[in-house]
Amino acid sequence: MKSAALIKFSISAVRKPLQTKTDALVVFVHEGRDGSGLDDAEALDRLIAQLGADGDFTAKAGSSVMLYRPEGIAATRLLLVGVAAQPTLRDWKKAVQVAANALRAVPAAQACLVAAHGFDTLAELVPPVFSEVFYRFDATRTVDPKDRYKLEAVLLAAPGGAAASDTAKPALARAVAVAAGVRLTRELANLPANHCTPSGLADAARDLARRHDLGCTVLERKDMEKLGMGAMLAVAQGSAQPPRFIVLEYRGAGRKEAPHVLVGKGVTFDTGGISLKPGAEMDEMKFDMSGAASVLGTFEAIARIKPRINLVGLIPATENMPGGRAVKPGDVVTSMSGQTIEILNTDAEGRLILCDALTYAKRFKPQTVVDIATLTGACVIALGKVNSGLFTPDDALAAALLDASRAALDPCWRMPLEDEYSEALKSNFADVGNIGGRPAGAITAACFLWRFTKDYRWAHLDIAGTAWHSGQNKGATGRPVPLLVRFLLAQAQ
Ligand code: BES
Ligand code: MN
Ligand code: ZN
């Protein structure tokens with residue numbers, strides 16, 4: 001997979017930022033405060049006062065101004081960015097977005113960012129925000145070198161010398177790791193389905209494992225047959241592409257310590273199968289492996305951060321296609337758990353591949369299992385593109401995931417999970433049906449998975465609304481990698 005180089009982020013103590021030679025000096029100025037708040041910055045503070053008096057820059061949150069070769073400043077460009085007087089994490093994020101967008105419009109190769117306050121917050125936000133703003137999918141496009149983004153390096157200049165940079169350095173390293181994970185997830189999810197097949201996903205997992213010395217095993221159809229993964233194989237049988245079942249292992253804690261398990265839905269293309277989807281926007285069903293991509297991205301980040309946990313990733317990977325061999329509505333299959341399933345709608349395929357992966361997860365005697373899936377259109381209707389849906393019977397696990405999602409600015413919202421909803425899954429011909437009708441569609445899907453997770457602590461994240469943008473900015477978001485990494489790091493403590 002060819003892709004543009006990552007921006008290099010670093011921190012260093014800079015005593016005289018105005019004398020720093022750089023393509024762009026970026027200064028965050030707080031609304032309602034006098035000047036930059038920096039030491040030895042008279043020329044800058046005079047400039048800020050003048051801009052304020054003329055009404056050209058009042059440091060209002062969301063505003064910015066760029067000046068070329070201003071007097072008394074060594075940088076080629078000076079970018080002033082307004083920040084709220086008492087900024088929240090989200091206010092800071094917005095200010096960093098403004099800075100990154102302004103820098104994207106000029107050919108600066110390096111930038112130096114300074115702020116008198118909130119340095120640790122900046123260290124945490126700059127890598128993900130800059131990586132997001134400067135990301136472009138090039139893998140299957142012809143790119144004119146002239147159109148490439150020019151920014152190569154971002155230096156965070158710590159005020160007050162080494163003390164500030166010491167606390168910010170680990171935060172920066174973690175943030176860079178998360179940004180790399182998000183990027184891998186976006187890159188894989190954005191790949192078209194003829195490039196990212198089930199075996200292509202397995203190759204990406206093997207490549208990741210080789211780069212970071214992780215364990216990686218890839219099961220093929222005959223292995224899945226031996227295990228009795230009848231639900232997974234039913235989905236795969238309609239496709240000319242052979243299915244894969246990917247097992248990734250990261251060991252950061254002792255052998256005896258129970259692992260956390262992530263399970264990612266890896267449907268590399270979802271046509272709906274015999275219950276064929278309508279044609280409009282069907283191309284977006286290449287993103288139906290976003291759960292799988294988020295598991296790989298989370299491993300990329302975790303392998304860089306190296307926390308003291310054990311982690312297992314499970315990815316059932318297949319296409320969902322119609323055809324002469326495809327599974328038909330009304331077919332009854334036997335899942336790996338032994339439960340029989342009446343496949344009433346072949347488009348509810350995610351839960352079929354996940355249920356066998358969730359049964360497979362038992363062998364790891366896990367501390368927790370979290371599955372991540374673009375599972376239901378109903379979840380998009382319920383929560384839109386803002387929150388991922390969180391489903392779990394475990395209040396403590398819910399709290400841990402909600403906390404992580406808020407801290408990572410990667411929100412999820414807890415949805416109900418109650419036995420009463422399971423009634424809808426009753427079948428006259430099998431132990432369970434694979435659909436529950438239109439009402440509460442995201443919840444009945446979660447109830448289906450719940451039946452296979454009785455042996456461990458489990459949560460389900462429905463990312464159908466949050467994994468990608470539609471329309472003009474069509475493309476993968478890399479969510480919920482920030483949430484998952486936060487959650488796992490909290491488990492290491
Ligand atoms: N991959 C889809 C869910 C989906 C739909 C995600 C639209 C994002 C946008 C899933 O496999 C699916 O088709 N679900 C069906 C379930 C139904 C048949 C019970 C759905 O949501 O319509
Ligand atoms: Mn489907
Ligand atoms: Zn699907």
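When a ligand or atom number is given, it counts from 1 through the structure's own listing order. Bear in mind the structure is a predicted one, so any value in this text is a computation, not a measurement.
Every atom of ligand 1 with a heavy atom of A464 under 4.0 Å away is listed here by number and element: 6 (C), 8 (C). Atoms of ligand 1 lying under 4.0 Å from any heavy atom of I435, numbered from 1 in the order shown and given with element: 19 (C). The atoms of ligand 1 that sit less than 4.0 Å from any heavy atom of K265 are 1 (N), 10 (C), 11 (O). Of all the atoms in ligand 1, the ones that sit under 4.0 Å from a non-hydrogen atom of E349 are 11 (O).
Of all the heavy atoms of M289, none lies under 4.0 Å from any atom of ligand 1, so neither backbone nor side chain is involved. Here N345 has side-chain heavy atoms under 4.0 Å from ligand 1, and that is the only part of it that gets that close. With a 4.0 Å heavy-atom cut-off, ligand 1 is reached by the side chain of R351 but not by its N, CA, C or O. With a 4.0 Å heavy-atom cut-off, ligand 1 is reached by the backbone of L375 but not by any atom from C-beta on.
Residue T376 has no N or O atom closer than 3.5 Å to an N or O atom of ligand 1.
Remark: side-chain polar atoms of D462 are paired, donor with acceptor, to backbone N or O of T376 under 3.5 angstrom.
With the Mn ion (ligand 2) at the apex, D347 OD1 and E349 OE1 define an angle of roughly 120° (rounded to 10 degrees).
Within the structure, ligand 1 lacks R438 among the residues with a heavy atom less than 4.0 angstrom away. For the ligand labelled ligand 1, residue E284 lies outside the 4.0 Å heavy-atom shell. Residue-ligand proximity: W468 is placed with a non-hydrogen atom under 4.0 Å from ligand 1.
Under the 4.0 Å distance rule, the nearest protein heavy atom to atom 22 (O) of ligand 1 falls outside the cut-off.
Taking atom 12 (C) of ligand 1 as the reference point, the nearest protein heavy-atom neighbour is D347 O, 3.2 Å. In terms of protein heavy-atom proximity, atom 4 (C) of ligand 1 is closest to G377 N, 3.8 Å. The nearest heavy-atom contact from the protein to atom 9 (C) of ligand 1 is M285 CE, 3.6 Å.
Between F452 and F448, the ring planes lie tilted relative to each other; the angle falls in the 30° to 60° range. The aromatic rings of F287 and W468 lie parallel to each other, with less than 30° between the two planes, well short of the 60° mark.
Residue D270 approaches the Mn ion (ligand 2) most closely through its N/O/S atom OD2.
Excluding waters, the protein N/O/S atoms found under 2.8 Å from the Zn ion (ligand 3) are K265 NZ, D270 OD2, D288 OD2, E349 OE2.
Both tests pass for K454 against the ring of W450: distance under 6.0 Å to the centre and angle within 45° of the axis.
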Walk me through it: do R251 and E257 pass the test salt bridge (Lys or Arg N to Asp or Glu O under 4.0 Å)?
CA-CA 10 Å; R251 259 217 193 92; E257 192 169 314; over 6 Å; no
